Structure formats: structure tokens, C-alpha cells
Amino acid sequence: MSGDRIRGAVAGLAVGDAAGWPASRHRAALHAPWSRRLHRELDAFAEEHRVTTLPVPFALNQPTAPLAVGPSDDAEWLAWTLLTADRPRTAAFRELIGKDLRARVSVRTALDNLDRGVEPPASGHDNPHHFDDAAAVRAVAFGVLGRDPSDDAQVTNAGDGVLGARAMAAAVTTAVASGDVTRAVAAALDLLPEGTAIGHNARLALSAAERAGEAFAAVPALDAALLDHVYSYGVGAAQTVPAALALAAASGGDLTRAVPAAACLAALADSAPALTGALTGACGGFEAIPEGWTASARTLAGCCLPDLAGQDLMELTKGLV
Amino acid sequence: MSGDRIRGAVAGLAVGDAAGWPASRHRAALHAPWSRRLHRELDAFAEEHRVTTLPVPFALNQPTAPLAVGPSDDAEWLAWTLLTADRPRTAAFRELIGKDLRARVSVRTALDNLDRGVEPPASGHDNPHHFDDAAAVRAVAFGVLGRDPSDDAQVTNAGDGVLGARAMAAAVTTAVASGDVTRAVAAALDLLPEGTAIGHNARLALSAAERAGEAFAAVPALDAALLDHVYSYGVGAAQTVPAALALAAASGGDLTRAVPAAACLAALADSAPALTGALTGACGGFEAIPEGWTASARTLAGCCLPDLAGQDLMELTKGLV
Amino acid sequence: MTSYRERARGCLLGLAAGDALGAPAENLRPAEIRRRWGRLTEIEGGGTDDTEYAIFAASLLGRHGHGLTPELVARAYRDEIIPRVDGPMRGAGFSELGTVEALRRGLEPPLTGLVHSHGWSDGLAMRAAPYGIFCPGDPAEAARLVEQDGLVSGSGEGILGGRAVAGAVAAAMTGAGPEDVVDAALAVIPGDSWTARNVRRARAALDDAAPDEIEAALHEAVVVRHYPWTDLAPEAVALALAAFLAGDGEVEAAVTFGVSLGRDADTIGAIAGAVSGARQGESGVPARWAARIGPVTGKCLPVVAGRHVLDTADELAGLLTGEPAKGR
Amino acid sequence: MTSYRERARGCLLGLAAGDALGAPAENLRPAEIRRRWGRLTEIEGGGTDDTEYAIFAASLLGRHGHGLTPELVARAYRDEIIPRVDGPMRGAGFSELGTVEALRRGLEPPLTGLVHSHGWSDGLAMRAAPYGIFCPGDPAEAARLVEQDGLVSGSGEGILGGRAVAGAVAAAMTGAGPEDVVDAALAVIPGDSWTARNVRRARAALDDAAPDEIEAALHEAVVVRHYPWTDLAPEAVALALAAFLAGDGEVEAAVTFGVSLGRDADTIGAIAGAVSGARQGESGVPARWAARIGPVTGKCLPVVAGRHVLDTADELAGLLTGEPAKGR
């Protein structure tokens with residue numbers, strides 16, 4: 001039974017990763033660079049001609065498969081973490097230096113730091129995106145393994161970025177053990193001090209979602225409570241982790257309600273659905289996730305970590321039951 | 001009771017319009033042009049540096065209100081249609097020529113055609129986007145009024161674009177009268193010949209969604225059935241109207257399930273959620289829509305039709321009960 | 001009198017030359033073309049999809065003649081095009097790529113041409129010339145035949161654009177005067193169509209505009225302003241036929257004027273070259289252009305790699321006269 | 001001996017001059033700056049947010065002195081900044097704008113500085129000079145005071161950047177040598193911080209690099225590569241202090257070198273100008289620069305419109321000496 005929930009956490013992250021609008025943008029990275037340049041030119045054309053027809057990623061003279069529904073950046077980084085979880089974290093990251101890969105600003109900067117001799121925790125701290133949720137995504141792996149994600153997290157993140165990772169790992173571990181979303185959320189909250197942005201936002205988000213009563217209904221309140229929009233990074237742990245906790249709670253742990261609601265939080269649609277999917281997938285288990293989604297979300301595209309192209313994410317959970 | 005469903009159709013469209021990822025892109029049109037140019041430059045930076053942190057619309061030295069959850073292009077064009085529904089359609093469109101506005105390629109080209117003396121139906125036919133769903137969005141107005149949308153539709157569209165409008169109007173009229181999603185979908189299907197792309201796709205979509213059993217579960221199957229991704233225009237009536245019919249049906253007419261699922265069909269997230277919201281809003285009525293959504297979706301931003309900035313969309317339904 | 005063979009060779013040489021001449025001018029504004037080349041008169045590189053697809057269309061006629069049906073065309077796509085689409089398919093238009101996707105999904109024509117959003121593509125018009133060659137003096141039959149091909153990958157105005165070009169070539173194959181050729185094109189499409197309106201509008205612009213304003217007048221008459229792509233059949237066909245008229249049906253004048261208009265310049269050049277080449281025959285195509293036309297590379301359609309338009313022309317002529325194709 | 005008043009005037013004149021000189025170089029690469037100006041030595045236009053926010057910070061000290069608290073700063077934002085944000089707020093940094101949003105939502109410090117993602121902004125460092133002026137010879141108190149301001153709009157390294165600059169100015173107000181000034185900056189921030197690491201790294205780069213490689217070495221030492229914005233305090237403060245050292249504590253040399261580094265050039269120039277100006281006093285600021293500094297326009301902070309940095313300097317000096325401010 002906990003095996004089903006372990007698989008649910010991993011598949012749930014991939015489903016949420018695939019459900020968000022940005023997934024096809026990430027997957028389109030597999031296309032030739034001119035394709036994305038043309039995308040920007042079309043956007044400029046629409047601006048100039050004042051037409052509202054926004055360009056969506058397209059496959060002109062490029063393979064169409066990357067634009068089908070499928071997992072993207074977060075699922076690949078989760079897979080990489082599962083594959084390397086038993087190795088010392090700094091050593092695992094060091095192997096990525098110089099490789100052809102795509103990653104969040106925090107990870108890119110951390111690799112640059114390691115390359116310059118800046119070791120953890122400075123590698124994650126001396127980092128303009130120390131607050132992003134790269135480590136929180138990877139923490140799903142440590143959550144299903146029942147391990148502390150801190151050593152991993154501080155390679156690339158600091159502050160709210162590390163707290164978000166600890167909260168996600170604790171929530172996933174608790175959800176895998178109990179299937180109980182209330183207990184999972186409480187386990188996360190225990191690790192998020194009130195005086196931090198992420199701790200403040202998590203409590204704000206949970207009460208806003210509770211008032212709304214249901215996941216989709218909570219979206220406008222979460223937008224108003226969490227996002228400042230001045231320069232709204234879409235992947236800040238202080239926004240995405242609280243949104244995931246709140247939507248998981250509001251849905252009663254139902255992935256089919258929580259993930260699409262997360263995708264409606266437009267500014268957070270890159271990773272909030274993935275984190276939400278991991279939490280609710282862990283609560284409900286793999287078998288509760290619609291088959292069409294697990295079928296289309298389990299095979300990695302290699303859009304961030306080319307070595308993982310074609311890898312079946314669910315294979316990586318085989319030893320973990 | 002049908003008054004509640006009329007208001008539900010109108011509010012539902014606005015809610016779906018607000019729920020999709022592209023809404024804030026449209027609303028950001030209220031910001032200074034350099035803001036969107038900078039957005040494209042940030043996208044190019046991310047490409048060059050191979051970072052996955054995608055820029056989301058931001059409000060640096062710009063008002064933040066446009067980036068809060070709210071309605072965008074489709075809600076404004078619906079409002080314009082409600083305001084002008086009693087006027088001859090060509091005359092109503094003619095008044096827009098030369099005005100500062102933003103619209104789909106079909107509408108922009110139709111205004112250009114009218115300006116050159118190309119009258120309907122050629123204005124909608126001699127039109128590279130004759131197939132888009134601009135008229136289908138406006139048809140929600142004719143649906144709640146119980147009128148034929150064809151005269152309106154053919155000003156800007158032809159072929160599937162006009163069929164989509166007829167189908168939407170019929171479905172909304174039936175939903176307002178009956179509250180029954182099955183009958184509403186059947187009314188739409190009656191007007192969509194099997195040998196057309198929209199008719200073919202509608203039947204394909206409905207059976208795919210029925211097999212999936214539930215709205216969110218149906219998303220991957222709809223993606224596989226409807227989208228070719230070669231050059232996937234996000235607003236083709238032959239894709240968005242079938243998706244809306246299928247998700248409305250799969251949700252049993254439940255807006256809180258159908259609209260967020262539509263937002264997960266990434267390539268169609270611009271207008272499929274809006275059309276889905278109109279159908280399910282008409283089935284369930286205004287009171288069934290979460291209050292947080294109706295509160296944030298009813299005030300128009302003026303991002304496409306500046307004269308409508310601040311207009312309360314629900315005021316326009318007052319005479320229609 | 002110019003033989004069918006000479007006209008067929010002139011038609012496809014003109015098509016290939018216009019394709020190659022126009023390729024570097026594609027999507028440029030006329031002013032930018034003038035800035036770069038003055039008048040663009042010399043072929044710089046190879047041709048594109050226009051030539052390769054025309055050779056493929058001719059091969060369909062060689063096998064099926066007047067018995068061609070959409071089902072046979074779809075089968076050729078499935079047997080000869082799709083298996084060789086190895087990873088990305090390069091150099092084809094949206095409509096062909098959309099059609100390949102539709103065929104892969106198991107759809108049959110006409111749905112294969114309806115389910116993508118580029119039914120109006122000039123992808124049929126660019127390859128319509130062989131149908132005109134095959135029906136000299138019979139524009140209606142040429143138009144009927146090209147429609148069999150078009151129903152697989154296009155719809156609406158895309159099919160009408162193919163019909164117009166096939167009809168024009170069929171008329172030109174008899175050496176008809178330029179105005180008669182354009183009348184023949186108009187005769188095989190509905191008057192109440194975007195393509196017909198554009199052809200009439202372009203013709204009127206030619207009549208009314210001062211010589212130095214013709215380019216601008218043609219753009220004003222038919223170019224879609226608020227749309228980012230240029231491969232619209234109603235536009236490309238109208239501009240190509242206008243170029244044919246402006247060049248008084250002479251290959252060099254028609255093609256160089258056609259490519260000076262920018263937009264889908266290679267296809268405009270290919271159509272103008274095909275129609276005028278059919279009218280004048282092989283001798284009408286400048287020798288310096290003909291010298292630049294070699295076998296196609298198959299970069300867009302691997303199945304035709306190594307084929308030469310002159311061989312294709314000879315085969316088509318052979319179908320008409322019953323003679324086997326001679327060497328190039 | 002140079003008076004506090006002369007040093008205060010030198011500090012804020014230097015800040016305003018560096019801000020104005022660097023403004024056109026913001027976000028340019030050093031090579032592009034060289035291409036455009038050779039060495040950028042002449043002020044072209046007005047200053048930016050650096051100067052206006054510094055004047056605002058000084059006004060806080062004038063009212064609250066050593067009793068300044070984050071609550072008082074937040075009240076000043078609510079009373080004097082937010083009501084005048086009429087529609088868009090121009091010319092401020094992310095951190096100030098994010099803080100305004102947080103205050104509008106009813107948050108209190110330190111959450112107002114924590115909930116946006118730009119805690120590390122150099123927005124505090126750019127306005128830290130008045131706190132140093134106010135605490136001559138007492139870097140620790142200058143740092144404590146600037147942190148009260150910083151807790152409203154920043155966090156972490158953003159606050160440390162402000163502390164370092166305030167500490168440096170406090171030391172410079174006694175005419176300390178350049179190395180001692182930088183040591184004072186380091187003394188008021190944790191050694192295990194990004195800012196301290198960057199200052200040490202920049203200093204080492206200055207020591208090690210050949211003269212024509214200093215710019216590149218400084219970039220290599222502290223510039224974040226894979227991030228699109230340049231307003232990071234650990235970077236701007238390290239580059240500004242490096243410029244101060246490279247210019248041997250002289251205003252013109254320090255500021256012109258600082259703005260040659262690009263990145264957040266106006267803030268780098270402002271900080272280098274403030275520290276060196278405090279050290280040299282008003283006479284150290286080139287007269288041609290001083291002549292270009294007029295009252296601020298209030299384009300970033302309407303509440304300070306019409307104020308002149310020299311009046312502000314005199315008021316701060318008056319607080320120290322008990323004398324009322326003299327005319328400019």
C-alpha cells in the first residue's frame with residue numbers, strides 16, 4: 001500500500017509537471033533554436049499588429065512528439081535525484097558541471113559556484129535564486145525515501161528554498177505513510193517558521209483555501225494572498241509550496257481536483273501543479289491517478305537532462321516499495 | 001431560474017477566460033510596451049543561458065492590478081456583443097474600424113476587409129483565420145438571447161468558425177432553458193456536420209472524454225485527439241469548441257471541474273476554458289460558480305476594448321432575466 | 001508550332017527557375033528586396049519544395065492519369081512520403097505537415113485536408129503545373145484533376161488556388177494570350193471566392209496603378225496585413241498571375257517581377273514561371289537560368305531525390321503524345 | 001581638518017554625481033561602455049532613484065535619529081510614499097516596489113522585506129550613505145541604523161550590503177585610508193556572507209590582476225552569470241568598494257572606474273562616490289560634476305521633489321554639530 005503511494009508521489013509530480021501551461025515550452029527546448037526565436041518573433045508581430053492570437057509552441061519542420069502532453073523539467077530533475085540519491089550530494093552535482101543541461105537559475109548558479117570553488121552551503125546561498133523551489137522538487141525523492149533533503153537542498157538553495165524542500169519531503173513522507181492529507185500538511189507546517197515568508201504564506205494560503213472550501217474555488221484567493229506580481233518569479237518556494245499545500249488540503253488530497261486548480265494559478269503554473277501532484281499523488285496513491293495521465297506523463301523527454309530521454313520514471317520507483 | 005443560468009453563462013465565460021494561463025498575457029497589454037519587449041528579452045536570456053525559469057508577466061514600474069486574476073479578451077468581446085446585439089452586425093463592426101483595440105486575427109482582418117469595402121460574408125471568408133473561435137465566443141451572447149448568431153459570425157468568420165458559433169449559441173440556449181448538459185451538447189452536435197473538421201473533432205472529443213470518464217482525466221486523450229501541434233493555433237474553433245463540449249459533458253456540467261481541466265489543455269488554454277465556462281455556467285447557473293471567481297472575473301480590464309475598462313459584466317445581464 | 005514537349009519543358013523549367021530565383025526573397029518586403037539586389041534577376045541557389053512537390057505530382061499523373069483519386073494520392077503519401085519522414089520533415093509547408101499528421105492518425109481525405117488550419121495554403125498551387133501540362137487546352141479537366149490531389153492536403157481556397165493555376169497552365173499549353181490564360185484560371189473557380197476576388201483586384205491594380213506604384217498597389221489589393229504567414233493561396237496565386245500579366249506572359253519578365261513582390265516569393269516565382277514557361281516553351285526560359293537547374297536534392301521530399309524537371313516534363317509530354325520520354 | 005559638514009556634502013555630492021554619471025551605463029557590458037564613451041567621465045543627464053532614496057533616508061534620520069525603528073520607517077512609507085504612488089511607480093527597484101505591495105496588504109516589517117523575492121537588492125546599499133554620515137567614526141552604529149531601514153524593504157544580503165556601505169561611509173567620515181574604510185565595511189557584516197566573500201574576492205582580484213585585466217577579473221570574481229538582473233547588493237557593493245580601492249579613495253578616479261564596470265552602474269557609481277566623497281570632502285568632488293547636480297525631480301519619489309543633496313548634507317551635519325543647516 002505504501003508502495004502505491006510512493007509511486008503516486010512520483011507519478012503525481014510528473015502529472016502536475018505535464019499539466020501546467022509551461023510544460024510544452026520546456027519540451028519545445030528539444031526543437032531547433034530557430035523555432036523558439038520564431039516564437040518570439042510571432043509574439044512581437046502580435047504585439048505590433050495588436051492581435052490577441054498568442055503563439056503557442058509549434059512544430060514546423062520539427063518532431064511533434066515534444067508538444068504532446070508530457071512531463072518536462074521537474075520530472076527530469078526528480079528522476080535525476082532518485083538516480084543519484086545514494087551519492088554525496090555535492091559530488092552528484094559536480095558531475096553535472098559542463099554538461100549540456102537546462103535548469104533553474106538556482107541550479108545553474110550553484111553549478112557555477114561549485115565550478116569556482118564555492119562549496120555548499122555557500123553554493124546555494126550566494127545565489128540570486130536561493131529562494132526558488134528547485135530543491136523542493138528534488139525533495140519529493142527524499143520524501144519517498146524517508147530521508148532529510150537538507151544536504152541536497154543547500155547545494156542549490158538557501159532560506160525559503162531549503163525550508164520549502166524540508167516541508168515537501170516531510171509532507172510526502174507523511175502522506176506515503178498515512179495517506180492522510182491533513183497530517184501531511186501539518187508535517188510540512190511544522191518545519192516552516194511563522195516569521196519566514198514561506199511560513200507566513202503557507203498559513204495564509206491554508207486559511208484562504210479553507211475559506212474557499214474547494215481547490216478551484218480557492219484559486220483567486222491564493223492569487224491575492226501569495227503573489228505580488230511586481231516581479232513575479234513563477235518558481236519561488238515561498239509561493240509554490242504554500243499553494244501546493246493549500247490546494248492539496250482544499251481538495252482533500254484529490255489529485256484530479258488539486259492539480260488542475262494549481263494549473264489555474266497562472267503565474268505559478270510551472271511548478272505548483274507538480275508539487276501539488278506529488279502531495280496528492282502520495283495521498284491517493286498511483287492507482288487513483290487517471291490512467292491517461294500516468295500513461296502520458298511517465299516517459300521523460302530529456303528536455304533538461306538529455307541523458308534521461310526515453311527513461312520511464314516509474315521504473316525508478318521499483319526498488320522503493 | 002433561467003435568469004440565474006443566463007448570468008451563469010456570461011459569468012462562466014469570464015471565469016474561464018480568467019482561469020487560462022494566457023489571461024495575464026492579455027491583461028499585461030495594459031502595461032507599457034517596453035514591459036512586454038523586456039519579457040521577450042528575458043525569454044531570450046533564458047534560452048541563451050539554458051535556464052528553465054520562464055518569465056511570467058510582471059509589473060515593474062507598472063500597476064499590478066492587471067496581473068491579478070481577472071477576465072481578458074473573451075469577456076470583453078462578449079460584453080461588446082451584449083452591448084451591440086440589437087444593432088445590425090456589419091454596422092456594429094464598422095464602428096470599430098480605426099479604433100484602438102486588440103482582437104483575434106479573424107476580427108482584425110475582417111475590420112480591414114470592411115474598411116476596403118469587402119462586405120460579409122466575404123469579410124469573414126477572405127480571412128486567413130476564418131476558422132478561429134472569435135464568433136463562437138460572441139455567440140454566447142446570442143445563445144443567452146436565444147438568437148441565431150450567423151449574421152454576427154459571418155462578419156468575421158467562415159466555415160468551422162461560423163459552425164462553431166452556431167453550435168455554441170445552440171448549446172447555451174439549450175443549457176439556459178434546461179440546465180441539462182447532455183441536451184445542450186446534443187443541440188450543438190446537431191449543427192456540426194460530420195464531414196467538417198469541427199464536426200469530426202466534436203464527435204471524437206466527446207467519445208474520448210466519455211471513455212476517460214471525468215474532465216481532468218480526459219485531458220491527455222483530448223490533446224491526442226484534437227491537436228496536431230504542427231502549427232497549433234490556440235484558438236481554432238474546430239479544436240476549442242469540441243474541447244468545451246467534451247469537458248462540459250465529462251464534468252456533468254460542473255464548472256469547477258470542467259474549467260480547470262480546460263486550462264490544462266495547454267495549447268487551447270486561451271479560449272477553451274472560456275467556452276467551457278460559458279457552457280457549464282449556463283448549466284449550473286450563476287449561484288453555483290465559486291464566489292471568489294465571480295467576484296474577480298466580473299470587472300473588465302479594457303485590455304482589448306479600452307472603452308470597457310471598469311465595466312461590470314454582470315450589469316449587462318440585468319435586462320435579460 | 002511549339003510542341004507539347006517544348007511547352008512542358010518550358011513550364012517545369014520556368015517553375016524550377018522561379019522557385020530558385022525567389023527563394024532568397026521569401027518573406028522580404030519589396031523595398032528590402034530592392035535594397036539588396038536592385039532587381040533580382042540571377043539565381044543564387046537551389047529550389048525548394050515547389051519544384052520537388054511538382055515532380056511528385058507529375059509522378060502521380062504518370063501512374064494514374066485521369067483516373068487519379070484522393071484515395072490514390074493518400075496512398076502515395078502513406079507509401080512514399082511518410083516512411084521517409086525520418087524525424088523532422090524539412091522544407092514543407094504547414095498544410096503538408098498537417099496532412100502527414102492527419103494521415104498518421106488514420107484519417108482519410110477530405111478530412112486529411114480539413115482538420116489542419118491551413119486549408120488555404122498555396123501548397124497545391126505551387127505543384128499544380130503538371131496537371132495543366134497533362135490537360136492542354138482543357139482547363140476544366142486540369143482543375144478537376146488537381147483537386148483530387150488537393151483534397152488530401154487542403155480545402156477551400158487552397159484547392160481553388162490549385163485549380164486556378166492548373167487551369168492557367170492548361171490554357172497556356174495552347175499558347176493562348178496572357179489575358180486569355182488568366183480568364184481560363186478564373187473560369188475554373190467560383191466568382192464568389194477569395195481567390196477570384198483577389199485575381200480580379202490584382203488585375204484592376206495593374207490597370208490602374210502608375211508604373212512605379214504597381215508593387216504597392218498589388219500589395220494593397222491582396223496582401224493580408226495582420227497575419228504573420230505569407231503562404232496564402234489567394235494571395236500568392238493573385239500575385240503570380242499579376243506578375244504573368246505584368247510580364248506580358250514572358251518568362252523572364254514575369255518571374256523577375258513576381259519575385260520582386262516578396263511575400264511567398266519562391267512560390268510566386270514558381271507559378272509565374274510555370275504559366276509563362278508553358279506559354280513560351282523551353283526557349284522562353286533564359287538559358288542562364290536553365291543552366292542553373294539540376295536534379296533536385298530531395299531535401300523536402302526524399303522520394304524524388306535525383307529527379308530532373310526536364311525528365312519529368314518529357315514523361316508528361318510522352319503521356320500526351322504516346323511517345324516514350326527521350327533523354328534530357 | 002575637514003569638517004563633518006564638508007565630508008557630508010562631499011559624500012552626498014559624490015553619491016549624486018556617481019548616480020548621474022553611471023545612469024547611461026547601466027546594464028551595459030564594459031566593452032560596450034568603452035566603445036561608446038572610451039572612459040565615461042562627463043555627466044550627461046540627471047540622477048535616478050539612488051539620490052532620491054538617499055534624501056528620503058536622511059529625512060528619516062532628521063526626524064528620528066538614533067531612535068529610528070522599522071516601524072517608523074514603515075509608517076513613513078505608508079504616509080509619504082504610498083499615497084503619492086499615483087498609478088505606476090517609476091524608477092524604483094524591485095525591492096521597493098515589492099515592499100509597497102506588501103505594505104498595501106497590511107504586512108509589517110520584517111515580513112515586508114521578506115515576502116518579495118528581492119531581499120538581496122542593492123536598494124538599501126544605494127541609500128545607506130546618510131546613515132554613515134550620521135555616525136562618523138562609528139561604523140557599528142551606522143550599520144545598526146541602516147538595518148532599521150532595511151528591515152522594511154530587504155532581507156539577508158540586501159541588509160548586509162546596506163550595513164557595509166553605511167559602515168564604510170562612517171569610517172570615511174574620519175578621513176580613514178581606503179583599505180581601512182573597506183576593513184570597516186567588512187567588520188560590520190558576517191565573514192560567512194555572500195557580500196563579505198565578494199568584497200574579499202574583489203579585493204584579491206585587484207591585487208592579482210594585471211592593469212588591463214582588472215575589469216574582467218572583477219567580473220569573473222563577483223558577477224552572477226546566469227541571472228538577468230544586475231541589482232544584487234553582494235555584487236554592486238563589492239564592485240563599488242573595489243572601485244573605491246582602485247581609485248585610491250579619490251572621487252573622480254573611483255567613480256569613473258566604478259561606472260566603467262557596467263552592471264548596476266548608477267548604483268556602483270553612487271556608492272563609490274559616497275564613500276570617496278565622505279573621505280575627501282566636498283572639495284574632492286570635481287567642480288564640473290558638482291555644477292551638474294541640481295535639486296532632484298522626484299521622478300522616483302515624489303515626496304523629495306525639489307530637494308538638493310547639499311541641503312540634505314547640511315541638515316545631517318547640523319544634527320551632528322547642533323548647528324542649524326546653512327544655506328547651500
Side-chain angles (χ1 to χ4, degrees), chain A residues 19 21-26 33 36 40 43-44 47 49-54 56 58-60 64 67-69 73 101-105 108 129 132 212 214 216-221 223-224 228-235 256 259-261 263-264 266-267 269-270 290 292-293 295-296 304, chain B residues 19 21-26 33 36 40 43-44 47 49-54 56 58-60 64 67-69 73 101-105 108 129 132 212 214 216-221 223-224 228-235 256 259-261 263-264 266-267 269-270 290 292-293 295-296 304:
Chain A
W21 187 93
S24 63
R25 290 294 311 277
H26 291 307
R36 293 178 300 281
R40 285 189 289 273
D43 192 59
E47 164 97 32
H49 288 261
R50 296 183 67 70
V51 293
T52 52
T53 309
L54 300 172
V56 295
F58 51 87
L60 177 60
T64 54
L67 300 188
V69 168
D73 59 337
L101 54 79
R102 293 174 68 249
R104 290 212 199 338
V105 168
R108 271 248 154 247
H129 264 207
D132 78 22
E214 184 262 322
F216 178 68
V219 168
D223 183 89
D228 78 0
H229 295 300
V230 169
Y231 189 93
S232 36
Y233 295 108
V235 290
T256 69
V259 164
C264 290
D270 199 346
W293 276 105
S296 53
C304 288
Chain B
W21 187 94
S24 62
R25 290 295 311 277
H26 291 307
R36 294 178 299 281
R40 286 189 289 273
D43 192 60
E47 165 97 33
H49 288 261
R50 296 182 69 67
V51 293
T52 52
T53 308
L54 300 172
V56 295
F58 50 88
L60 177 60
T64 54
L67 301 187
V69 168
D73 59 336
L101 55 80
R102 294 173 68 249
R104 291 213 199 338
V105 168
R108 270 246 156 251
H129 265 208
D132 77 23
E214 183 262 322
F216 178 67
V219 168
D223 182 89
D228 78 2
H229 295 300
V230 168
Y231 189 94
S232 36
Y233 295 107
V235 290
T256 70
V259 164
C264 290
D270 199 346
W293 276 105
S296 53
C304 289

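Because the structure is predicted, anything quoted here is derived from the model rather than measured. Below, chain A is the first sequence line, B the second, and so on; all start at residue 1.
Of the residues considered (A/Ala44, A/Ala224, A/Ala218, A/Gly292), A/Ala44 shows the highest number of contacts with chain B, using heavy-atom pairs under 4.5 Å. Between chain B and the options A/Val56, A/Asp43, A/Val219, heavy-atom pairs under 4.5 Å are most frequent for A/Asp43. Contact tally against chain A (heavy-atom pairs below 4.5 Å) for B/Cys264, B/Ala267, B/Ala295: the top residue is B/Cys264. Counting heavy-atom pairs closer than 4.5 Å to chain B, the top-ranked of the candidates A/Gly234, A/Ala68, A/Ser296 is A/Ala68. Most heavy-atom pairs under 4.5 Å with chain B: of the set A/Asp223, A/Val230, A/Asp132, this distinction falls to A/Val230. Of the listed residues (A/Asp73, A/Val259, A/Leu101), the one with the most heavy-atom contacts under 4.5 Å to chain B is A/Leu101. Options A/Glu214, A/His49, A/Arg108 differ in how many heavy-atom pairs under 4.5 Å they form with chain B, and the most are formed by A/Arg108. Among the candidates B/Ser24, B/Pro290, B/Ala217, B/Ala23, the residue making the largest number of heavy-atom pairs closer than 4.5 Å to chain A is B/Ala217.
When the salt bridge (charged side-chain N to carboxylate O under 4.0 Å, His left out) test is applied to B/Asp270, no partner is found at least two apart in sequence or on another chain. Here B/Tyr233 pairs with B/His129, B/Phe131, B/Tyr231, C/His118 under the ring pair (Phe, Tyr, Trp, His ring centres under 6.0 Å) rule; sequence neighbours left out.
Contact check for B/Asp228 versus A/Thr64: no side-chain heavy atoms found under the 4.5 Å cut-off.
Looking at A/Ala19, both its backbone and its side chain come within 4.5 Å of chain B, counting heavy atoms on both sides. For B/Val235, the part lying near chain A is the side chain, with the backbone staying farther off; criterion is any non-hydrogen pair under 4.5 Å.
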Q: Take A/His26 and B/Leu54 through the side chain to side chain contact (heavy atoms under 4.5 Å, CB included) test and state the conclusion after the steps.
A: CA-CA 9 Å; A/His26 291 307; B/Leu54 300 172; 3.8 Å; yes
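The main-chain N or O of A/Pro22 is never found under 3.5 Å from a side-chain atom of B/Trp21 such that the two would form a donor-acceptor pair. The main-chain N or O of A/Arg104 is found under 3.5 Å from a side-chain atom of B/Thr52 such that the two form a donor-acceptor pair.
For the residue pair B/Pro260 and A/Ala261, the shortest heavy atom distance occurs at CB-N, 4.2 Å.
Remark: of the listed residues A/Arg102, A/Arg36, A/Arg25, A/Arg36 is the sole one forming a salt bridge (Lys or Arg N to Asp or Glu O under 4.0 Å) with B/Glu47.
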